[in-house]
There are 2 protein chains.
Amino acid sequence: MNRQAAGRNMRITIKDVAQMAGVSPSTVSRVLAKDPRISPVTAEKVRQAIQATHYHPNGIARSLVRKASLTIGFSVAQPADQAFASPFVAEALRGAATVAQRNGYYLMIFTAPTLAEERHHSLTLYREGRIDGVILTTARVHDTLLDDLRKEGLPFAVIGRPTGRQVTYWVNNDNVGDAKAATEHLLRLGHRRIGLITGPRQFVVTQDRTRGFRLAMEEAGASPRLLPHAAGPFTEQGGYQAAAEIIRRQPDITALLVTDDVMAVGALRALADAGRRVPEDVAVMCFNDSPLASAAHPPLSAVRIPMYELGARATELLIAVLEGHPPWPGHILLPADMVLRASTGEPAGDAPATAGTVTAGAAGSTAKIPEAAR
Amino acid sequence: MNRQAAGRNMRITIKDVAQMAGVSPSTVSRVLAKDPRISPVTAEKVRQAIQATHYHPNGIARSLVRKASLTIGFSVAQPADQAFASPFVAEALRGAATVAQRNGYYLMIFTAPTLAEERHHSLTLYREGRIDGVILTTARVHDTLLDDLRKEGLPFAVIGRPTGRQVTYWVNNDNVGDAKAATEHLLRLGHRRIGLITGPRQFVVTQDRTRGFRLAMEEAGASPRLLPHAAGPFTEQGGYQAAAEIIRRQPDITALLVTDDVMAVGALRALADAGRRVPEDVAVMCFNDSPLASAAHPPLSAVRIPMYELGARATELLIAVLEGHPPWPGHILLPADMVLRASTGEPAGDAPATAGTVTAGAAGSTAKIPEAAR
DNA sequence: TTGAAAGCGTTACCAG
DNA sequence: CTGGTAACGCTTTCAA
């Protein structure tokens, strides 16, 4: 209650400026809008008055008349207890914030533990006129969310690859190709019995990486029915249990592909607990490459997902849409690098002091994954 | 250009609802506000119309007349290249988002690489009426920012301990006491030659933790002039170099207190490169306890800073201020736990599968740090 | 080149 | 209990 009482004392308005400059509010507005048909001399007078009064146009009033909030929503669709625990979302958010700011947009974030809440918050914010569009950070497989947003006319961009045939703006890395490349690397190292550990199966990213893994394995002659695969939540715990399960079911695996680095840390612990040495007994390769990967023991080889870039590009897409220049094609595939470290028995893929700054091809320790064909 | 063209097609307004219900807009507004002196029958009619039309009040118009945006700004004051790299800010943000949402506030985030930008963005957003208050995530030692915000009447809350005698709303852990306790723990383990590694000295948090370290060391009889201390940026690289420097200057240290876990990972590498075993040759204790600490090798003992909680409580403080209930006292000190792991030669402070879930006192491996006297 | 006036969608005061 | 009306601060016709 009493929310407006918070002492927002009478601020300077366009009228004050107009009065001081001896012109009408319309004129001040035109100067602000850099209307060319304003005489240089009045424009100067107005500018002086603006300076003198420290005038700042009220953005809310502007938004009301322009019917645009200049604000982009950023949905963090993760269980409340681990929302930003994922370095992935935090980095994407940073990219989004940077691009939004650079283009004169504001960024409003909200968390949505469930799909229903994500829908509700997105739509409500939009209906209330508080956001012009929204960035979604998760693509699920049977996802009605996107259709609901479309139905309301809410512009959005997705980080990830939405399924379905509707035109959608999205940015992603080529998860199928990247997982295939990572698996092929393990194959090239001589591994044949490779286990797969993934996050929950309802995410598109899980399916895509699984598919890439299978493609590589089948091309290498593995029987599709025998591929060991365990799934779990995107947590260390989830990785631990998945790895334990695989070791139990297939004690003879010599390599593990883990589609998340947080999970990989858990997998490392499971291997240690099972008395397997990494990389001597079991090689481990993971995805994402947050700082966790290089800090782990042994340091984890990883497919480095350009998380910041994904957030940045998604925001660019959305802004283009909002400004009436819908981009074509509406989606972007970002290339990913592979960083090779000790967990696959290779030389450290890092520059001596900082993790994660080596670019593709440097010192033979990172490898560019070819951008997938469309 | 053409920002408003983004197809926000004529939405339903309060007038449409009023017409459909056969009442005046004022009445609809009153129903929305749950004004008690509205007849049940009209209220019902109005509610029906609202249902039928899927009406959602325009938040921008509301904000304009109420002179309150219901939006809280969240300033991420870190160099652009590492804004959320710090798990610290990401967690605090998560806490802030949760509390804001629960109280009907929106959260607008912005990044500010420099102090000047932080001031500029905060003030501009406020002057434009886009935010009602702001959460600051960094307290610097000679900080004119807070005074500037005060001068403009911008309500704010700080995560960290601002210096200066002005009344300020802030939340922090007791860094002096926590650093003292951590140091005392090392002393208790028998260490006498302990090195200190901190972030940049202009941060209050650096000064406080340094002070706690010195207090403990001096009480233990160490000469204040001989305490080895190296500072660097909050990065792995920074930690590496600081540790290397200390080892060079004081080759005989047996323990290291590092005031940040990202830096501690770098310090671990420096120690490894110097051929020192952890914990046998050098024990390492750090702060924060993000997932990095438990994934490191060896797992790092750490003072666990309640990052989520800090963000949550700061937001609660600010909301109380915004709603006209300025809390007393205006600051909160949150207790911190100590998690003991292998880097100080102790048993793992973690439950077998998940890191960081043990509470104080459990299994003798975590220790409650007594809440400091005011 | 400039001003007056009509909105944008709400809320809130003042009558009745 | 309810309606009319005047704001809130700005932009944008329409006239001049």
Side-chain angles (χ1 to χ4, degrees), chain A residues 1-6 8-46 49-50 53 55-70 126-130 132, chain B residues 1-6 8-46 49-50 53 55-70 126-130 132:
Chain A
M1 55 204 65
N2 192 20
R3 273 170 170 167
Q4 64 279 42
R8 189 178 265 298
N9 39 6
M10 288 268 286
R11 308 197 140 279
I12 298 158
T13 75
I14 200 171
K15 286 184 190 169
D16 301 320
V17 177
Q19 192 166 23
M20 168 169 267
V23 299
S24 77
S26 341
T27 301
V28 176
S29 177
R30 292 190 182 105
V31 172
L32 252 28
K34 300 204 202 312
D35 189 319
R37 51 180 198 184
I38 215 83
S39 93
V41 37
T42 22
E44 185 50 31
K45 266 193 308 185
V46 170
I50 290 178
T53 53
Y55 169 66
H56 281 256
N58 182 310
I60 300 292
R62 281 187 157 177
S63 286
L64 182 59
V65 45
R66 290 183 177 163
K67 296 179 183 312
S69 63
L70 292 190
Y126 180 65
R127 289 170 178 150
E128 292 182 342
R130 298 205 177 265
D132 297 337
Chain B
M1 55 203 64
N2 193 19
R3 275 171 170 168
Q4 63 280 43
R8 189 180 264 300
N9 38 6
M10 288 267 287
R11 309 198 137 280
I12 299 158
T13 75
I14 200 171
K15 287 183 190 171
D16 302 321
V17 177
Q19 192 167 22
M20 167 170 265
V23 298
S24 78
S26 335
T27 301
V28 177
S29 177
R30 290 191 184 103
V31 173
L32 253 28
K34 301 205 201 309
D35 189 318
R37 47 177 203 185
I38 214 85
S39 94
V41 38
T42 24
E44 187 49 31
K45 266 194 308 185
V46 170
I50 289 178
T53 54
Y55 168 68
H56 280 257
N58 182 310
I60 300 293
R62 280 186 157 176
S63 287
L64 182 60
V65 46
R66 289 184 177 162
K67 296 180 182 313
S69 63
L70 291 190
Y126 181 65
R127 290 171 178 150
E128 292 181 343
R130 299 206 175 265
D132 298 337

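We name chains A, B, ... by the order of the sequence lines, and we start the count at 1 in each one. All figures in this text were calculated on a predicted structure; none of them were measured in a lab.
- Note that the CD1 atom of A/Ile12 and the OG1 atom of A/Thr53 stand 5.0 Å from one another [nearest 0.5 Å].
- The shortest heavy-atom contact between B/Leu64 and A/Ala61 is CD1-CB, 3.8 Å.
- Straight-line distance from the CZ atom of B/Arg130 to the P atom of D/dC10: 12 Å, rounded to whole Å.
- Applying the salt bridge (charged side-chain N to carboxylate O under 4.0 Å, His left out) definition to pairs two or more places apart or across chains, those involving residues 20-37 of chain A are A/Asp35-A/Arg37.
- With sequence neighbours excluded, the residues that form a side chain to side chain contact (heavy atoms under 4.5 Å, CB included) with B/Thr13 are B/Lys15, B/Asp16.
- Closest non-hydrogen pair, A/Ala43 versus A/Ile38, comes out as CB-CG2, 3.7 Å.
- At a threshold of 4.5 Å between non-hydrogen side-chain atoms, the residues A/Arg62 and A/Leu32 count as touching.
- Contact annotation: A/Lys67 side-chain N/O to C/dG9 OP1/OP2 distance is under 4.0 Å.
- For residues 34-43 of chain B, proximity to DNA chain D is found at B/Arg37, B/Ile38, B/Ser39, B/Thr42, defined as any non-hydrogen atom under 4.0 angstrom from a strand atom.
- Taking atom CZ on B/Arg66 and atom C1' on D/dG9, their separation rounds to 17 Å, with Å as the unit.
- Per the geometry, CZ belonging to B/Arg11 stands 16 Å off C1' belonging to C/dT10, to the nearest Å.
- Across the protein-nucleic acid pair, A/Leu64 atom CG and C/dG7 atom P stand 14 Å apart, rounded to whole Å.
- The heavy-atom pair separating A/Ser63 from B/Ile60 by the smallest distance is CB-CG2, 3.9 Å.
- Atom CD1 of B/Ile60 is separated from atom P of C/dT10 by 11 Å (rounded to the nearest Å).
- Rounded to whole Å, the distance from CD1 on A/Ile12 to P on D/dG9 is 12 Å.
- Listed by chain and number, the residues in a side chain to side chain contact (heavy atoms under 4.5 Å, CB included) with B/Gln19 amount to none (sequence neighbours excluded).
- Across A/Ser69 and B/Arg130, no two heavy atoms sit closer than the pair O-NH1, 3.3 Å.
- Partners of B/Ser39 according to the side chain to side chain contact (heavy atoms under 4.5 Å, CB included) rule, which considers only residues two or more places apart in sequence or in another chain, are B/Val41, B/Thr42.
- The stretch residues 13-22 of chain B touches DNA chain C through B/Thr13, B/Ile14, each having a heavy atom within less than 4.0 Å of the strand.
- Mapping B/Thr27 and A/Pro57 onto DNA chain D via the closest heavy atom, the residue that lands nearer the 5' end is B/Thr27.
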Interface polar pairs with nucleotides 4-7 of chain D, N/O, under 3.5 angstrom:
unit_1 : atom_1 : unit_2  : atom_2 : d
D/dG4  : N7     : B/Ser26 : OG     : 3.2
D/dG4  : O6     : B/Ser26 : OG     : 3.1

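- Relative to the axis of its first five pairs, the axis of the last five pairs of the helix from C/dT1-D/dA16 to C/dG16-D/dC1 sits at 40°, rounded to 10 degrees.
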Let me check something: any side-chain donor-acceptor pairs from residues 21-28 of chain B under 3.5 Å, sequence neighbours excluded? List them with distances.
unit_1  : atom_1 : unit_2  : atom_2 : d
B/Ser24 : OG     : B/Ser26 : N      : 3.4
B/Ser24 : OG     : B/Ser26 : OG     : 3.4
B/Ser24 : OG     : B/Thr27 : N      : 3.4
B/Ser24 : OG     : B/Thr27 : OG1    : 3.3

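- Nearest heavy atom pair, residue B/Arg11 against residue A/Arg127, reads CD-O, 4.5 Å.
- Between the CZ atom of A/Arg62 and the C1' atom of C/dG7 there is a distance of 17 Å, rounded to whole Å.
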